[in-house]
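To start, the structure itself, in structure tokens.
All figures in this text were calculated on a predicted structure; none of them were measured in a lab.
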Amino acid sequence: MTQAVPPLPVVVENPVVKFSSAPQRPHLRHLGRPSLRTSVSGTRRRARGEAPRVLLVVPSYTRVVEPSPERSSFRALGLDTFEVMKRAGTPIGLLRIAANARLAGFDVRIVDSPFAGWEQERRLVDLGAGSSLVRYGLDDSQLRAIIEEFEPDVVGVQCIYTVQWGNARALADLVKDIDPAIVTVTGGAHPSGDWQYAVPDSPFDHVVINEADQTFTALLQALTEEGGDLDAVPGVAYRRADLAVVRTTAKSPYMRILLKRQGLDQRLGMMPLPDFGMLDMRQYEQAYHSSGKRVREHGSWAQIFSTIGCNVGCDFCYIPMVNGPWRALGTDWFDLHLAEITKQGVTEVLIEDDHLLHDPLYAMRVFELLRKHDLPWVEEGGLSLFNLVLLHLGEEFANGMDDAERRNPNFRNVLSAMRSGLTCRDLIRAMADGGCYSVYLAVESANEDSLEQSGKPRLNAFQKATGEIVEMFTEYGIQVTGGFMLGFVNPPERPGGEPYIESLEQIEKTIDYAVTLMGHGMAYANPFIVTPLPGTKMWDFQKDYVVRHYDNGWSHEKGTMATEGWSAEDIERMRLELLVRANGADKVTEMVRRGTWPVDA
């Protein structure tokens, strides 16, 4: 019998950092050293029968504040300053990995720096030309005190946004300043997609790549157990003694969650219930969350999930890479999850599923459970408009689709639900009955070419059907925030061909689409600028068009790319034009005042 050969590691001999933080930031003090392969203090604790200590941290965040672009709609309203919104939420990714680490015997603490110091703001970096980075969250002295008091053996720092990479690496530098022997680890979307450069570009000893629920605990065990083998941990990257970057396996493992084959106990073993008792839930009692105004004046809000992953494969999205394929955790698992969070004082929730409507019939059962636990909710992960359009247009339209489109695996569950008699109206009514009061509808674009060339179904551009769907949501008391994307840049269909660059005229059509949907009752039109994210299918192509460093352009509110047809500033002006034309001066002014979407249930 032939033994399976373990996959070979990937080695990057001379990694060159292509993009990094703003040059105006202070230089890091702890770069260019081999990664620690053992936690000496953690091994010592384990030998004494104590639990090794792990501190998981969301770094304090920064946002750009600068003069509004000349000749922009903001200037016309008298808004002379443009400020990127403050964006943060309950750290569900850290809660997930903390649950597994605790079960393995580690002493884990979580610090959510942005929310712990939400009202603390100060200018951190002067970027020139009147632009600056403003920091919000705990300051370095507060973070230092937390680290020195807890005396962690390992510090893990989350980095889910490329625009926050500078803050993650600065926090790792602070940790190494306190004690160079503390092992530092990072994970999340940015270091997962940019691992070959994130490792030499930071004081982090290790990057956990993609889904980390199992991998992070395996890494902790390798670091703190006698004879632990770091190279046996899949999906980790680190600096070798000669500073070459090593990725232990070419591919990262994803949890195999199979509802039909695995009982509840087995699924709980892979995905334990996140313990919101690890957070100070008083930090999440504000009247506004990231999607607008709350409906309850008591208790806290929390971001949660009922499924993980996505199969759509949009070229501009990192979710399929980081979170893996779509998997349902089971309504029995979700039922327990909701029961636990209500014990922690949670009174309403934001659903962060990557693709909530991948299976509409499963989603219907999720809605019932939210009603059972009396949890009003917002869908914030982004509803797949193409599934709603297909469900709304019905079997006659589906039968007229060409074979290739009809065989799209993302339509399989929708077609099955349609055959069972489910309609779009049924689905929206069930959402309202389940307590939904607001949704984020991923409209994206009015241009079928922009959608199809980036891997998105063309159905999003069906404006008549979309208008009717918005009207249905509004009829059932659900506020709709529409998401729009501006400035698609896609590679040529064949070598030597011309790339696809969305024109300013095409972007105008998307602005008109947003205005039209506001006429159908949409509550708010939220435009994003297409942004090249490390690790996405588009990254290798789009990075040639990049015009900014990571601190000042990867927020989706700032232009990151420039082409022969338009500049980054052009796209920024178009975004502000959509905001003002679609929403009107009053809503835009209110959005600026609140610092979040002006959506009130």
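Between the side chains of Arg247 and Ser252, at least one donor-acceptor pair of N or O atoms lies under 3.5 Å. For the 3.5 Å distance criterion, the side chains of Ser555 and Tyr161 fail to qualify, holding no donor opposite an acceptor. Of the N and O atoms on the side chains of Asp126 and Ser132, not one donor lies less than 3.5 Å from an acceptor on the other residue. Between the side chains of Trp165 and Asp201, at least one donor N or O lies within less than 3.5 Å of an accepting N or O.
Cation-pi geometry between Arg87 and Trp597 is met: the NZ or CZ atom falls under 6.0 Å from the ring centre, inside 45° of the normal.
Remark: the backbone N or O of Arg169 is not paired with any side-chain donor or acceptor of Ser202 at under 3.5 angstrom. Checking side-chain atoms of Arg327 against main-chain N and O of Ile257 turns up no donor-acceptor pair under 3.5 Å. For Ser60 (side chain) and Asp139 (main-chain N/O), no donor-acceptor pair under 3.5 Å exists by modelled atom type. Looking only at distances, no side-chain donor or acceptor of Glu498 sits under 3.5 Å from a matching main-chain atom of Pro492. Not one N or O on the side chain of Ser131 forms a donor-acceptor pair closer than 3.5 Å with the backbone of Glu66. With Gln214 contributing its side chain and Met270 its backbone, the two residues share a donor-acceptor pair below 3.5 Å. Ser35 contributes a side-chain N or O that, together with a main-chain N or O of Arg239, makes up a donor-acceptor pair within less than 3.5 Å. Put simply, the side chain of Arg63 never gets that close to the backbone of Met85: no donor and acceptor are under 3.5 Å apart. At least one donor-acceptor pair closer than 3.5 Å links the side chain of Arg53 to the backbone N or O of Phe150. Here the side chain of Thr186 pairs a donor or acceptor atom with the backbone of Val157 at under 3.5 angstrom.
Judged as a side-chain hydrogen bond (donor to acceptor under 3.5 Å, both in side chains), the pairs with a partner in residues 311-324 (not counting sequence neighbours) are, in order, Asn323-Asp354.
For the atom pair CZ (Arg123) and OG1 (Thr62), the distance works out to 14.0 Å, reported to the nearest 0.5 Å. With rounding to the nearest 0.5 Å, the separation of CD in Glu285 from CG in Asp280 is 8.5 Å. Atom OG1 in Thr560 sits 9.0 Å away from atom CG in Asn552 (nearest 0.5 Å). Note: Asp570 CG to Arg573 CZ = 5.0 Å, rounded to the nearest 0.5 Å. Within the model, atoms SG of Cys310 and CE of Met321 stand 13.0 Å from one another, a figure rounded to the nearest 0.5 Å. To the nearest 0.5 Å, atom CG of residue Leu171 and atom CD of residue Gln158 are 11.5 Å apart.
Pro253 places a side-chain heavy atom less than 4.5 Å from the side chain of Thr215. Put simply, the side chain of Pro52 reaches to within 4.5 Å of the side chain of Arg46, judged on heavy atoms. Two residues are said to be in side-chain contact when any heavy atoms from C-beta on lie closer than 4.5 Å; Lys543 and Pro532 fail this criterion. Looking only at side-chain heavy atoms (C-beta outward), Arg37 and Asp231 come within less than 4.5 Å of each other. Considering only heavy atoms from C-beta on, Leu28 comes within 4.5 Å of Pro203 through its side chain. Using a 4.5 Å heavy-atom threshold, the side chains of Pro274 and Ile92 count as separate. Contact of the Ile319 side chain with the His355 side chain is not registered, since no non-hydrogen atoms from C-beta on lie closer than 4.5 Å. Val592 is not listed as a side-chain neighbour of Glu83, based on a closest heavy-atom distance of 4.5 Å or more.
Tyr136 and Tyr61 have perpendicular rings, their planes meeting at more than 60° on a 0 to 90° scale where under 30° would count as parallel. Taking the six-membered ring where tryptophan is involved, the planes of Tyr550 and His190 are perpendicular, since the angle between them exceeds 60° and thus also 30°. The aromatic rings of Phe541 and Tyr545 sit tilted relative to each other, their planes meeting at an angle between 30° and 60°. Between Trp301 and His289, the ring-plane angle classifies as perpendicular under the 30° and 60° cut-offs. Under the 30°/60° scheme for interplanar angles, the aromatic rings of Tyr440 and Phe528 are found to be tilted.
Nearest approach of Thr43 to Thr38, heavy atoms of both residues: OG1-CG2, 3.7 Å. Nearest heavy-atom pair, Pro91 versus Ile110, reported as atom, atom and distance to 0.1 Å: CG-CG2, 4.3 Å. Scanning all heavy atoms of the two residues, the minimum distance from Glu572 to Gly559 falls at OE2-N, 3.0 Å. Between Gln120 and Gly137 the shortest heavy-atom distance is NE2-O, 3.1 Å. Counting all heavy atoms, side chain and backbone alike, Glu557 lies closest to Val84 at OE2-CG1, 3.5 Å. Shortest non-hydrogen contact noted between Pro34 and Ala241 is CG-O, 3.8 Å.
Checked against Tyr284 for a ring-ring contact (aromatic ring centres under 6.0 Å, His included), the options Phe115, Phe276, Trp118 give a single hit: Phe115. Of the options Val154, Val183, Ile182, a side chain to side chain contact (heavy atoms under 4.5 Å, CB included) to Leu36 is made by Val183 and by none of the others.
Salt bridge Asp173/Lys176: absent, no basic N to carboxylate O contact under 4.0 Å. Look at Asp107 and Arg45 and you find no salt bridge, because none of the NZ, NE, NH1 or NH2 atoms lies under 4.0 Å from a carboxylate O. Ion pairing between Arg256 and Glu211 fails under the 4.0 Å rule for side-chain N and carboxylate O. Salt bridge Arg240/Glu13: present, at least one basic N to carboxylate O contact under 4.0 Å.
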Full working for side chain to side chain contact (heavy atoms under 4.5 Å, CB included) between Phe216 and Asn100: CA-CA 9 Å; Phe216 182 66; Asn100 272 302; over 6 Å; no

Steps toward salt bridge (charged side-chain N to carboxylate O under 4.0 Å, His left out) verdict (Glu569, Arg548): CA-CA 11 Å; Glu569 290 73 21; Arg548 297 177 188 269; 3.6 Å; yes

ring-ring contact (aromatic ring centres under 6.0 Å, His included) between Trp539 and Phe19, worked out: CA-CA 12 Å; Trp539 169 248; Phe19 304 100; 5.7 Å; yes

Stepwise side chain to side chain contact (heavy atoms under 4.5 Å, CB included) test for Asp551 and Val125: CA-CA 10 Å; Asp551 280 304; Val125 178; over 6 Å; no

Side chain to side chain contact (heavy atoms under 4.5 Å, CB included) assessment of His206 paired with Leu230: CA-CA 10 Å; His206 306 281; Leu230 180 66; 3.4 Å; yes

Audit row: Leu124, Arg25, side chain to side chain contact (heavy atoms under 4.5 Å, CB included) steps and yes/no: CA-CA 8 Å; Leu124 180 70; Arg25 276 184 178 266; 4.0 Å; yes

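For Arg44, the salt bridge (Lys or Arg N to Asp or Glu O under 4.0 Å) test picks out no residue, with sequence neighbours left out.
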